[in-house]
Amino acid sequence: MRILGRQTNAPVVFLLIGLIAGALVGYNTRPEKTAEIRIGPLNIEVQGRNVARAQDGELTSDQVEHIAIITLIGGIIGLGLGFAIQRGKIRF
């Protein structure tokens with residue numbers, strides 16, 4: 001596999017892609033403190049048991065844990081895909 005004119009190792013490239021994709025998915029799916037739905041005069045608000053977001057907008061430990069787990073899963077999938085491509089099991 002050649003990237004920018006240099007020979008690269010497929011598992012390393014796909015590991016990085018998986019980590020980045022996992023971090024983005026984990027951040028975008030992090031749990032929130034409250035969810036609010038407004039439909040005309042009807043107002044529904046659901047609150048979680050644990051505080052998911054601090055008042056100043058910083059990430060809480062629950063959110064960081066969620067992002068880390070999803071990032072790890074993305075990295076494992078990317079690494080597995082990289083090894084499969086390197087061994088010739090998957091071709092593009």
Q: In this structure, would Ile76 and Leu16 fall into the same cluster of hydrophobic residues linked by side-chain contacts under 4.5 Å?
A: no

Q: So, taking the atom named CG in Leu59 and the one named NE2 in His66, what distance separates them when rounded to the nearest 0.5 Å?
A: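 Leu59 atom CG to His66 atom NE2 measures 11.0 Å (nearest 0.5 Å).
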
Q: Would one find more than 12 heavy atoms of other residues, nucleotides or ligands at under 6.0 Å from atom CG of Leu42?
A: yes

Q: Where is the tightest heavy-atom contact between Ala10 and Ile85, given as atom of each residue plus distance?
A: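 Heavy atoms only, the tightest pair is CB-CG2, 4.4 Å.
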
Q: Nearest 0.5 Å please: distance from the CG atom of Asp62 over to the CD1 atom of Ile67.
A: 11.0 Å

Q: Take Leu15 and Leu19 through the test side chain to side chain contact (heavy atoms under 4.5 Å, CB included) and record every step on the way to the result.
A: CA-CA 6 Å; Leu15 172 66; Leu19 288 173; 4.1 Å; yes

Q: Heavy atoms, side chains only, cut-off 4.5 Å: are Phe14 and Leu79 in contact?
A: no

Q: Supply the atom-to-atom distance Gln63 CD to Tyr27 OH, rounded to the nearest 0.5 angstrom.
A: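 With rounding to 0.5 Å, CD (Gln63) is 8.0 Å from OH (Tyr27).
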
Q: What's the shortest heavy-atom distance between Val25 and Thr29, and which atoms?
A: O-OG1, 2.8 Å

Q: Under 4.5 Å between any side-chain heavy atoms of Gln86 and Asn9, yes or no?
A: yes

Q: Could you pull out all residues at least two apart from Arg87 that satisfy salt bridge (Lys or Arg N to Asp or Glu O under 4.0 Å)?
A: none

